[in-house]
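Have a look at the structure below before the remarks.
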Amino acid sequence: MELGSICFLIRTTHLCMDACFSETPKTPALRCPYYVLEKGGHAAMQSEEWRNKASPSLLMWRSFTALSSAINTSIITSPKHHQLLIPILTTMAKSSTVLLCLSLCLFAVLSHTCEGRQQWQQQGNECQLDRINAIEPDNRIQSEAGTIETWNPSREQFQCAGVAIVRRTIEPNGLLLPSYSNTPQLVYIVQGRGHTGIMFPGCPETFEEPQQQGGQQQFQTGGSAQDQHQKIRTFREGDIIAIPAGVAHWCHNDGNEPVIAVTVHDTSSHLNQLDNNPRNFYLAGNPEDEFQQSQQGGRLSRGQDERRKRRQGGSTTCNNLFCGMDSSFIAEAFNIDENLARKLQGENDNRGSIIRIEGQLEFVRPPRRAQEERQEQGGGRYQLANGVEETFCSMRLKENIGDPSRADIFTPEAGRITTVNSHNLPVLRWIQMSAERGVLYNEAMRLPHWNLNAHSIIYAIRGQARVQIVNENGNSVFDGELREGQVLTVPQNFAVVKRCESDRFEWVSFKTNDNAMVNSIAGRTSAIRAIPADVLANAWRVSPEEARRLKFNRQETHLASSRSQSKGWTGRNVVKELVKDLLM
């Protein structure tokens, strides 16, 4: 074995042993190697008091510490030092404790994915939350044809979940300029309709204008060519749209009312190789920074700070990607003249990132009704992907979760819940996110539950509800109202319960897992229902009869209404609520 390979093995083993000798609850043995490797040092808990209790492995641990230090300080630099390694490696082979430790460490390295490492780093440092708040946007930017509102990503609850949130309002005939982001995005259309283009690299231009007579196109200077572009997708209220990291996209409002879209960026995704700051890279225009982190003490990137100083100083600004390129390079790359190249740089363009289209936006598209019918027929909710029907270039990127007829959970007197995950929208497996759309009727309750494998970011669409969130210590970290337009984060495994306190409460929850799962605390499919009654009676010091009532009194699974029991829920009430759903 080469000296370099042996040294790497020793360093890795040393770090793994540090991890296995750890006892703190914040750094479990199977995950601590990531903490150690990413932090670049030893695990935090190597006290002499604990080491003295580990006499069989203590000598080995100290040997690896010394040897690893020698390697790091270049003491072992030549083949003649190979002999130094033999006694330690031989002893290691005889130590079952060390072999077990190393095996567990290697298993952890092989079994945990990149996103697991990054999520562990995020959770280990940022999720010690004593208080969570329902908050409204911190920053608002006015563009020519719309507004952009953002929540400060440096807030503790967003740092815990590893997300950033933005709400865009696009006025009729407004165009959101083409851009891409360093993070995967999940977009929910709260209101409106329009078209969006999501440009995958290397995919063919399948939408094209009719050919000229004779089949000839003129590409020379001054000539006109028939337009060709990638697929254009329609969207409407209730749609969830998945946008992978680094994929450019644009959006146009062709309706008669403003489009309101809420976007969640997964900044902790393994697809984001930069830092945890959301970054939008615009291909056109002169947009302002969307995430003003300095309002809450967050640190701006160097580029953000420079752009802010230029704006405050009144100097010429240019914030799209072409601004940093020489106009001669742009002209050569596109085979155009430099005057046209300089226009791409968008200097002194004060329209913002949402601009107004004069007249009608022209592009190739099939009739809306025919297109939507074809999408409905070709993209059933539970269609399984087998690699043939759905290719990279033609994959479905949206699913409607606002339609009442698509509800996954429905209780006539309480409300409904619709979910979208990687089972019914396979692209979510790529971006590792999912979503839930819920409606609660007056006085109805979303029964207490927790998220098994994901954080949940709740955006209130309409109405208001009282929400309670409880952490692992039994402390209430949130007990208050969640109103329209506010955002509330529910960390993984924290218990949460919602109760509608208006005529109806509607929300969408963004989950940081492509197949997010919940476990109910009350109801027919709850964890309490699965426990024997005698266990409950002894755990809570109640009578067996009381334990049975706790288990069986609530027959609903996820949604329940107090009115169905206390006031009587009639068929007329049910019809009334269903009609409201259809009219929304």
Just say parallel, tilted or perpendicular for the rings of Tyr459 and Trp151, cut-offs at 30° and 60°. perpendicular
Look at Arg437 together with Glu506 and state whether they make a salt bridge at an N to O cut-off of under 4.0 Å. yes
Would you please test Val259 and Gln191 for side chain to side chain contact (heavy atoms under 4.5 Å, CB included) and show each step? CA-CA 5 Å; Val259 167; Gln191 174 185 296; over 6 Å; no
Please assess Trp250 against Leu177 for the test side chain to side chain contact (heavy atoms under 4.5 Å, CB included), listing each intermediate value before the final yes or no. CA-CA 6 Å; Trp250 55 267; Leu177 293 175; over 6 Å; no
Worked verdict on Asn152 versus Thr150 for side-chain hydrogen bond (donor to acceptor under 3.5 Å, both in side chains): CA-CA 6 Å; Asn152 192 327; Thr150 57; over 6 Å; no
Could you tell me which non-hydrogen atom of Met433 sits nearest to which non-hydrogen atom of Leu428, and how far apart they are? O-CB, 3.2 Å
Roughly how far apart are Arg236 CZ and Ile189 CD1, rounded to 0.5 Å? 11.5 Å
Pair Ile355-Ser143, side chain to side chain contact (heavy atoms under 4.5 Å, CB included): steps then yes or no: CA-CA 7 Å; Ile355 65 172; Ser143 295; over 6 Å; no
Can you tell if the side chain of Leu271 reaches within under 4.5 Å of the side chain of Trp430, non-hydrogen atoms only? yes
Would you call Arg155-Asp138 a salt bridge at under 4.0 Å N-O? yes
Main-chain N/O of Asn515 paired with Asn513 side-chain donor or acceptor, under 3.5 Å: yes
Give the C-alpha distance, both sets of side-chain angles, the deciding distance and a yes or no for side-chain hydrogen bond (donor to acceptor under 3.5 Å, both in side chains) between Ser327 and Glu338. CA-CA 6 Å; Ser327 59; Glu338 283 200 43; 2.9 Å; yes
Minimum heavy-atom distance between Ile401 and Glu436, given as atom pair plus value: CD1-C, 4.5 Å
Would a 4.5 Å heavy-atom cut-off, applied to side chains only, mark His455 and Cys160 as touching? yes
Contact between Ile354 and Leu175 at the side-chain level, heavy atoms closer than 4.5 Å - yes or no? no
Output for pair (Leu186 CG, Phe510 CZ), nearest 0.5 Å, gives 6.0 Å
Take His265 and Asn272 through the test side-chain hydrogen bond (donor to acceptor under 3.5 Å, both in side chains) and record every step on the way to the result. CA-CA 10 Å; His265 296 252; Asn272 174 22; over 6 Å; no
Do you know which two heavy atoms are closest between Gly359 and Asn173, and how far apart they sit? O-ND2, 2.8 Å
Donor-acceptor check, side chain of Ser456 to backbone of Lys511, threshold 3.5 angstrom: yes or no? no
Checking the side chain of Asn519 only, and the main-chain atoms of Leu452 only, is there a donor and an acceptor separated by less than 3.5 Å? no
Taking Glu144's backbone N and O only, do any of them form a donor-acceptor pair with Arg356's side chain (distance below 3.5 Å, no angle check)? yes
Has Thr267 got a side-chain atom pairing as donor or acceptor with Gly162's backbone, closer than 3.5 angstrom? yes
Strictly below 4.0 Å, N to O, side chains only: are Glu237 and Arg193 in salt-bridge contact? no
How long is the span from the CD1 atom in Ile469 to the CZ atom in Phe494, to the nearest 0.5 Å? 8.5 Å
If you define the side chain from C-beta out and look only at heavy atoms, does anything of Gln157 sit under 4.5 Å from Ile135? yes
Looking at Val187 and Thr263, what are the two nearest heavy atoms and their distance? CG2-OG1, 3.5 Å
Full working for side chain to side chain contact (heavy atoms under 4.5 Å, CB included) between Val467 and Leu488: CA-CA 9 Å; Val467 182; Leu488 181 65; 3.8 Å; yes
Could you tell me whether Arg462 and Glu484 have a side-chain N and a carboxylate O separated by less than 4.0 Å? no
Quick one: are Glu149 and Asn139 in side-chain contact, heavy atoms under 4.5 Å? no
Note: Ile458 and Trp507 closest approach over all heavy atoms is CG2-CD1, 3.9 Å
Test your reading of the model: is there a side-chain donor-acceptor pair from Asn319 to the backbone of Pro287, 3.5 Å cut-off? yes
Exam field: side chain Gln230 to backbone Gly197, donor-acceptor pair closer than 3.5 Å: no
Minimum heavy-atom separation for Glu399 to Arg396, with atom names? OE1-NH1, 3.0 Å
Could you walk me through whether Asp514 and Ser422 pass the side-chain hydrogen bond (donor to acceptor under 3.5 Å, both in side chains) check? CA-CA 5 Å; Asp514 68 298; Ser422 58; 2.7 Å; yes
When you measure from the side chain of Asn453 to the backbone N and O of Met517, does any donor-acceptor pair fall under 3.5 Å? yes
Interatomic distance, CD@Glu288 vs CG@Asn350, rounded to 0.5 Å, equals 9.0 Å
Any donor and acceptor pair, going by atom type alone, linking the side chain of Ser181 with main-chain N or O of Arg279 inside 3.5 Å? yes
Looking at Met325, is its backbone amide N or carbonyl O close enough to the side chain of Gln345 to form a donor-acceptor pair, meaning the two atoms are under 3.5 Å apart? yes
CZ/Arg168 to CG/Asn253 distance, rounded to the nearest 0.5 angstrom? 14.5 Å
Say you draw a straight line from CZ of Phe322 to CD1 of Ile330; how long is it, rounded to the nearest 0.5 Å? 6.0 Å
